[in-house]
Structure formats: structure tokens, C-alpha cells
Amino acid sequence: MAYEHANVHESHSSSQSTCTSESSQQQADSPLAHDSAAHSSPAHGSDDRFHHSLAQIQHHAATTLSRANGACTAYPSRARVLSVEGSDPIGGAGTMADMKAFTAHGVFGYAAMTCVCAQNTQGVTDIVNMKPDFLRKQLDSVSSDGIIDSMKIGMLGTPEIVDCVRDWLVDLLHDYERRGLPRPWIVIDPVMYAKSGDSLLTPEAEQELRSILPLADIITPNVPELAALAHAGAHAPTGTGASNTANTPNTANAPTMPRTWDEAVNMACVVAQDLGVRVYAKAGMFALQASENRTAESPAADAQQPTAQQPENPESSTTGACGAGPSMQCNDALVEPAALCNEGGSSAQAGSPRITTLYGPRVETVNVHGTGDSLSSSLAALRPRFLDWRETAQAAKDWMVGAISGANDLHVGKGHGPIDFTWESAPTSRLFTDEYWAILSQAASQHHDDANNPTAAQSQQESASRDATAHNATSTLASQYPAEHLDAYVRALIAAASEASDASDRMFFINCASKASAQISAARSHACSANRHCCNHGIERCTCGSETLNNGACSTIGDTLRATADQHSLGLLAAALLPHVWIASLEFGPTLADSEADELSDIASRMAQIANREARLASHRDYQRMIDTARELTHLEYSAL
């Protein structure tokens with residue numbers, strides 16, 4: 001359940017009455033507000049969740065009513081999220097990825113850059129780290145002027161940079177507490193190792209990085225980083241916890257990598273308990289290597305996967321997360337330490353971390369440049385919108401699946417390309433007709449190749465058809481289609497008119513429907529005349545005019561058009577109608593009277609313009625649905641001929 005005002009908690013004071021720019025009262029009553037207590041997950045039983053939300057709403061209403069006598073009532077229209085990261089000139093990772101993800105999720109992004117990288121999809125060639133005092137000035141410039149609702153901290157390349165960011169963060173949290181401002185959500189991507197396992201930090205910087213992790217609400221290590229953190233936790237002195245691991249010697253040069261998904265989740269449990277933070281464990285490396293990480297204890301773990309909207313049983317196992325089985329799942333896991341799991345509504349065993357499976361399909365691609373940065377920034381951007389980290393993590397997972405699915409179509413770089421941050425946006429670089437003409441050309445070529453190489457039975461039938469047509473003086477478009485075929489298009493044209501918001505478009509579709517309706521009676525009349533002609537000439541099966549069409553294909557076309565109309569999308573309807581008018585113009589135009597051929601050509605051109613316009617306004621997903629619909633009906637139209 002996502003609720004925009006659900007992050008207001010009773011700990012905020014409602015007694016303040018003055019209003020200043022970015023005042024604590026404004027922030028305490030903001031729909032995005034939350035306090036440090038909010039960083040433990042709310043109860044997940046249905047009753048507890050209801051009362052938790054009700055208390056938030058009641059508090060929000062009470063504090064709103066307390067603002068009297070001209071008090072400020074302005075709210076931020078968007079969450080404000082900070083990225084503390086390095087750069088990536090090719091735009092798939094680092095600060096560039098964070099800002100794209102922020103925009104995709106509808107939040108306003110700040111940025112403080114920790115380093116400038118020379119890198120692309122094939123690797124990093126050089127890094128220039130910011131001087132710590134200049135980085136601190138960047139951070140202070142943001143925090144002294146704007147309120148931070150959430151933040152993502154990524155690449156911290158040197159011990160000095162880690163110290164700088166940690167000291168600034170501690171000062172910020174103390175300042176927000178003093179001013180009564182809600183504590184920002186903190187996501188840290190502990191950049192230590194590349195996906196290949198290559199170290200990105202010196203041992204000193206790696207040790208120092210562990211000192212900032214306990215300040216996070218959630219961390220997002222990749223598999224090598226997870227192994228390193230788990231190894232450090234396992235070798236920490238008993239009772240010290242991860243917060244003191246900066247003083248613990250590094251006893252191994254390289255972490256022992258998990259061989260299975262269960263081993264990775266177990267490592268995440270060790271890290272979560274040791275650091276006292278949530279851990280987002282990512283199965284992407286296993287999917288990238290096409291590794292099977294299901295265990296023998298859970299062979300049917302993927303047999304019945306709940307949808308992204310279905311709540312998961314907290315007691316359920318995460319095994320079967322990713323593999324090459326029929327389900328093709330690649331499920332991540334959110335591990336929450338016992339200390340952050342509310343007692344009410346939690347079925348986690350006392351002292352044990354809670355594991356939540358984050359469901360998602362496996363995507364076949366090697367274009368995963370910047371996925372770690374994009375996930376962590378998505379978590380930071382999405383957290384203000386949801387009640388808890390479990391909902392936030394699943395929402396981020398769902399978005400990442402779409403972004404990764406669109407990666408192959410970007411064609412950026414020669415190595416591991418970036419994901420498609422704008423996969424939900426309109427494909428503005430494409431013209432619908434350009435892609436459709438390629439589909440139409442291929443289908444037409446295949447159709448004519450088949451026509452030029454008929455079987456003996458087909459030759460006999462076509463000969464009878466030509467003989468019958470020679471006795472038919474009618475040469476109109478209505479003579480080429482059965483009435484049922486035209487009737488399906490009339491219904492689709494009427495549906496398009498009802499979906500069109502522009503008056504001229506509505507009139508265009510209505511006029512087209514009127515003309516097609518007039519052709520239906522002509523088609524029926526022609527069918528009767530053709531039947532009489534065939535009977536008079538002893539032809540057992542009528543092959544004249546409209547009867548030469550494949551009735552099975554015509555029936556499928558009608559079903560497809562009706563299903564498309566049920567989607568209530570003008571873009572889909574335009575894509576569905578376009579093949580009919582263009583194929584009719586190409587195949588029958590030369591045999592029609594000049595006036596009818598010209599009119600058909602004008603209709604096809606106008607239909608193409610509408611399809612292009614709607615494609616420009618469509619999301620990437622809807623654009624692809626338009627293309628798929630046009631491709632399907634193009635092949636059906638040619639099958640019917």
C-alpha cells in the first residue's frame with residue numbers, strides 16, 4: 001500500500017505556529033516527513049498496518065488544523081533527494097545515473113560529486129578524487145540552503161573522502177534533530193569491488209568505509225562487496241559490532257565469494273546483524289553468469305510466485321531466487337536485522353533477521369552498466385512514497401526490471417551498456433512509421449514470394465478466381481473484402497473516434513466509419529452476385545472477389561480489433577487500423593477507380609500521422625505495444641488475402 005502522507009509520525013511537535021522558509025513546522029507536517037523512529041519498519045499485520053496508517057493520518061490532520069493565524073501551509077511538491085557520488089561521462093553510472101533515476105521517479109535531485117572519472121562501458125581509465133575540503137563545501141552548500149528528504153551515498157574513494165562525508169552526515173543529523181526536522185532516509189552503496197571482483201579501494205579506504213555504514217538505513221552491496229563485509233563481520237571481535245570494524249585488521253586479501261544464492265543471503269544476514277542496517281542482496285551476478293542458485297530444499301520455490309503487489313509471508317524462504325529454470329525468475333532479497341523489526345506484526349524469530357523476497361523476472365542481457373548506482377538511487381527516491389522499506393524495495397525492483405529490459409535497445413557503447421532510465425517515457429527518437437514500414441515491406445515481400453510460387457491446388461483455385469473475376473464488372477474496394485471483415489473495422493473506427501480528444505480526429509474516424517459502413521452493403525451485394533455467377537458456370541466453391549479471402553484470418557482480425565478497442569487507447573487503435581488501409585492501398589489501389597484510390601491514399605496518410613503523434617506521446621512500453629499490434633495485424637491482413 002503506497003500512501004503519500006504516510007510518513008508523518010506522532011513524535012513531531014504540533015505546537016509550533018510560526019512559518020519561516022524551510023521551517024521545522026513546515027517540515028514536520030510535510031507529507032514527506034518522518035523521524036528517526038520511522039526507520040524501523042511498521043507492523044506488517046493487516047490490523048497493525050491499518051492502525052499505523054490511521055495514526056499517521058490523524059496526526060497529520062491535527063498538525064494541519066493547528067496552523068492558524070496565517071501560518072504557512074506550503075508543502076514541497078516533490079521529495080528532495082541528494083546524490084553523493086562520482087561522475088560517469090558516458091552517463092550510465094554515478095551522479096549521471098542518480099540524477100536520471102531521480103527524474104524518472106519524480107523527485108528533485110541535488111548532487112555533490114566525490115570524484116571525476118574517465119570511464120565508459122568498457123571500463124575506468126582514470127579517477128580524480130575531490131579534495132575533502134572542497135567536497136565538504138559542496139555538501140554544506142546543499143544542506144545549508146535546501147532540505148534533504150532522502151539521500152544516496154555512493155563512491156567514496158579514499159579514507160579522507162569517507163571521513164569528510166561521515167563527519168558532514170553526523171553534523172547534518174545533529175542539526176536536523178536540533179531544529180526538529182525529520183531525519184533523511186540514508187541509502188549507502190558501499191562501492192568496494194567491481195562486478196568482476198576487482199578492488200576499487202585501497203585496504204585503508206575499505207576499512208574506513210565500514211565506519212560510515214552503520215549510519216545508513218539500508219545498504220546495497222554487490223556480491224563481492226557483500227562477501228567482504230560478511231568476512232569482516234565474522235572476524236570482528238565478539239561484541240564490537242560493525243561500527244568498530246575500522247579498528248579491526250583486514251585478515252584476508254580477498255573475500256570468499258558465495259557459490260549459491262542461499263550463501264549470499266546468509267552473508268547478507270551476517271552483515272545486517274553486524275552493522276544493524278538493512279541489506280538489499282542482489283541476485284544479478286548469478287543471473288549474469290547464468291548460474292543456478294536454487295537449493296535442493298526448494299525445488300518448487302518458483303512454482304507459484306506472487307505478483308509484485310502481493311505481500312510476502314515474512315517466514316517464507318528466499319531460495320529459488322534466480323536460475324535457468326522454466327520460471328526464469330531473478331529474485332533479490334531484503335534482509336532486515338532483528339533490532340529494526342517491529343515486534344507487532346512481525347513473525348521473525350526473536351533475534352533473527354527478517355528476510356523478504358523481492359520478486360522479478362530474469363532479463364537476458366549483458367547491458368548492466370550502472371545497475372548498482374541506479375538501484376540505490378531508486379531506493380532513496382522511492383522511500384518517501386511508501387510506508388516501509390519492504391514496499392520501497394519491491395517498487396525499486398519492479399522499476400529496475402523495466403529499465404534493464406530496455407537496455408538492449410539503447411545501443412550505447414561497445415561494452416556492458418547502460419540501462420534505459422526512460423523506459424516509461426515516450427520513445428522520442430523513433431518515428432512509428434519508420435519502424436512500421438520495415439515490417440510492412442517484409443510482410444509484403446513474403447506475401448508476393450508465396451504468390452509467385454503457388455502449389456498446384458493454389459494454382460487451380462487462383463485460375464478459377466481469375467476466370468470468375470473476369471465476368472465481374474465491379475472494381476471497388478468493397479468487392480475485395482467480406483462484409484464481416486469491414487464490419488470489424490467499422491467498430492474499431494467508432495472506438496477510435498470515442499477515444500480521440502481532438503475534434504478533427506473524431507470527425508476523421510467518424511467519416512471513415514461512415515464510408516466503410518456504406519461499403520458493407522456493397523460487399524454483401526457483390527457476394528450474392530459472385531455466388532450466382534459461380535453457380536451459373538458450374539464452379540462448386542465460390543472464389544470470386546471477397547470470397548478469395550481466408551475466412552479464418554478474417555475472423556482472427558475481428559477478434560484482434562475487438563480486443564484492441566477494449567484497451568481504450570487511441571494509439572493502439574491507430575496502429576491496428578493502419579495496416580488495413582495501407583495494405584488495401586498497396587494491393588488493390590491500382591485496380592480501383594482513381595477517385596477511390598486517391599481517397600484511400602489520403603486516409604492511409606492521415607492514419608499514419610495520427611499513429612506517429614500517438615507514438616511520440618506513448619511510453620516505451622505502449623510504443624512497443626503499438627508496434628506489436630501493427631505487426632500482428634499486418635501479417636493477418638496478408639494471410640487473409
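With sequence neighbours excluded, the residues satisfying side chain to side chain contact (heavy atoms under 4.5 Å, CB included) with Ser425 are Thr422. The side chain to side chain contact (heavy atoms under 4.5 Å, CB included) search around Met99 returns Thr95, Phe102, Ala111, not counting sequence neighbours. In this structure Ala496 satisfies the side chain to side chain contact (heavy atoms under 4.5 Å, CB included) test together with Phe509, Leu570, Leu573, Leu577, sequence neighbours excluded. With sequence neighbours excluded, the residues that form a ring pair (Phe, Tyr, Trp, His ring centres under 6.0 Å) with Tyr110 are Phe108. Residues meeting the salt bridge (Lys or Arg N to Asp or Glu O under 4.0 Å) test with Arg506, sequence neighbours left out: none. Arg621 is linked by a salt bridge (Lys or Arg N to Asp or Glu O under 4.0 Å) to nothing, counting only residues two or more places apart in sequence or in another chain. With sequence neighbours left out, the ring pair (Phe, Tyr, Trp, His ring centres under 6.0 Å) criterion links Phe421 to no other residue. Taking Glu424 as the reference, Trp399 meet the side chain to side chain contact (heavy atoms under 4.5 Å, CB included) condition, with sequence neighbours excluded. Residues satisfying the ring pair (Phe, Tyr, Trp, His ring centres under 6.0 Å) criterion with His620, sequence neighbours excluded, are absent altogether.
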Which donor-acceptor pairs under 3.5 Å do the side chains of residues 597-611 make with protein atoms, sequence neighbours left out?
| unit_1 | atom_1 | unit_2 | atom_2 | d |
| --- | --- | --- | --- | --- |
| Ser605 | OG | Ser601 | O | 3.1 |
| Arg606 | NH2 | Asp505 | OD1 | 2.9 |

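Among pairs with a residue in residues 370-381, those fulfilling salt bridge (charged side-chain N to carboxylate O under 4.0 Å, His left out) read Lys152-Asp373, at least two apart in sequence or across chains. Applying the salt bridge (charged side-chain N to carboxylate O under 4.0 Å, His left out) test to pairs two or more places apart or on separate chains, none has a residue in residues 399-408.
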